[in-house]
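Treat the numbers as computed from the prediction; the structure is a model and nothing was measured. Atom set for the values below is all heavy atoms of this structure, side chains included, hydrogens, waters and symmetry mates excluded.
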Amino acid sequence: MINISFWSILWTVVNLLILVVAFRIFFFKPIANIIAKRQEEANEVYARATDKENEANDLAAQYEKKVAEAESEKKQIIAEARKSADGQYQKIVADAKDDAKSIHDAAVAEANHEKEQIIASAKKEIADIVVEATTKVVGSKTGADVDSRLFDEFLGKAGE
């Protein structure tokens, strides 16, 4: 049969208490320390990851800012280039108009000069013809036949 004695129960309880204390000292505390260290390492890794994420977000914000600045600078450069090109276009057009006007004025002046030379030449020829006709009239016979012949000569020379 089973014999239950007070001393047997007492020694069993004492053994259990000694085992619990031994487990606590040799098993639970080291495991708790290991778990705490691992938790600290995990927290450090998480903190570093959070720092890296914040740093990456800052870099992304800086990148976006630089992209926006580059876009703004690009627009400004394009606007300046268009303004410069427009200015050059206006200058070229103004120079071309000035050149065309000076060429036109020179052509008009040359045409007027040639016209004056032609008129002067024609006046001189007419005067020479009149002098020649007068000389012939005064130096030769007078009459309707002579006048008709001189008129025909005058018209012939004037036609040349």
Side-chain angles (χ1 to χ4, degrees), residues 16-140 146-160:
L16 280 175
L17 287 175
I18 291 173
L19 280 176
V20 168
V21 170
F23 272 128
R24 241 182 130 88
I25 293 172
F26 295 112
F27 184 68
F28 290 128
K29 281 189 180 180
I31 289 178
N33 288 338
I34 290 172
I35 290 173
K37 285 181 184 176
R38 292 239 174 135
Q39 184 63 40
E40 286 178 19
E41 289 175 2
N43 290 341
E44 287 177 15
V45 168
Y46 181 75
R48 282 190 301 228
T50 304
D51 289 344
K52 291 290 184 181
E53 181 181 12
N54 291 338
E55 185 179 328
N57 288 338
D58 290 343
L59 289 174
Q62 288 176 358
Y63 170 77
E64 289 297 325
K65 183 180 176 184
K66 285 184 181 181
V67 166
E69 288 174 357
E71 187 69 26
S72 173
E73 187 176 343
K74 177 186 85 168
K75 287 179 182 178
Q76 182 181 5
I77 289 171
I78 288 173
E80 288 175 3
R82 283 185 180 155
K83 186 177 179 181
S84 175
D86 186 47
Q88 288 178 351
Y89 170 77
Q90 294 298 332
K91 184 180 182 290
I92 290 170
V93 168
D95 289 346
K97 284 182 181 179
D98 290 344
D99 289 346
K101 186 176 182 333
S102 65
I103 290 171
H104 179 266
D105 291 346
V108 167
E110 186 177 340
N112 285 337
H113 180 69
E114 286 183 19
K115 178 181 170 184
E116 288 175 5
Q117 284 181 344
I118 289 171
I119 289 173
S121 173
K123 282 182 182 179
K124 185 178 180 223
E125 285 183 27
I126 290 172
D128 289 343
I129 291 173
V130 168
V131 169
E132 188 179 322
T134 305
T135 306
K136 285 184 181 182
V137 167
V138 172
S140 68
V146 173
D147 288 341
S148 177
R149 187 176 51 86
L150 287 175
F151 183 71
D152 289 340
E153 282 182 29
F154 173 74
L155 289 178
K157 285 187 180 182
E160 295 174 1

Quiz item: What distance do Q76 atom CD and K83 atom NZ have between them, rounded to the nearest 0.5 Å?
Solution: 11.0 Å
Practice problem: Quick one: pull up CD1 in I92 and CG in D99 and give me the separation to the nearest 0.5 Å. | Solution: 11.5 Å
Quiz prompt | Rounded distance [0.5 Å steps], OG in S72 versus NZ in K74 | solution = 10.5 Å
Table please: side-chain donor-acceptor pairs of residues 30-39 below 3.5 Å, with sequence neighbours left out.
unit_1, atom_1, unit_2, atom_2, d
N33, ND2, K29, O, 3.3
Q39, NE2, N43, OD1, 3.1

Practice problem: Not counting sequence neighbours, list each pair that qualifies as a salt bridge (charged side-chain N to carboxylate O under 4.0 Å, His left out) and has a residue in residues 41-54. | Solution: none
Practice problem: Kindly determine whether R82 and D86 satisfy salt bridge (Lys or Arg N to Asp or Glu O under 4.0 Å), including the steps that lead there. | Solution: CA-CA 6 Å; R82 283 185 180 155; D86 186 47; over 6 Å; no
Practice problem: Count the heavy atoms belonging to other residues, nucleotides or ligands that lie under 6.0 Å from CD of E73, then report whether that count exceeds 12. | Solution: no
Quiz item: Got a second to check how far L16's CG is from F23's CZ, nearest 0.5 Å?
Solution: 10.5 Å
Quiz item: Would a 4.5 Å heavy-atom cut-off, applied to side chains only, mark S84 and Q88 as touching?
Solution: yes
Practice problem: Kindly indicate, with the supporting measurements, whether the criterion side-chain contact (heavy atoms from CB on, under 4.5 Å) is fulfilled by K65 and E69. | Solution: CA-CA 6 Å; K65 183 180 176 184; E69 288 174 357; 3.4 Å; yes
Quiz item: In Å, rounded to the nearest 0.5 Å, how long is the span from CD1 of I118 to CD of E125?
Solution: 11.0 Å
Quiz item: Where the side chain of S121 meets the backbone of Q117, is there a donor-acceptor pair that is under 3.5 Å apart?
Solution: no
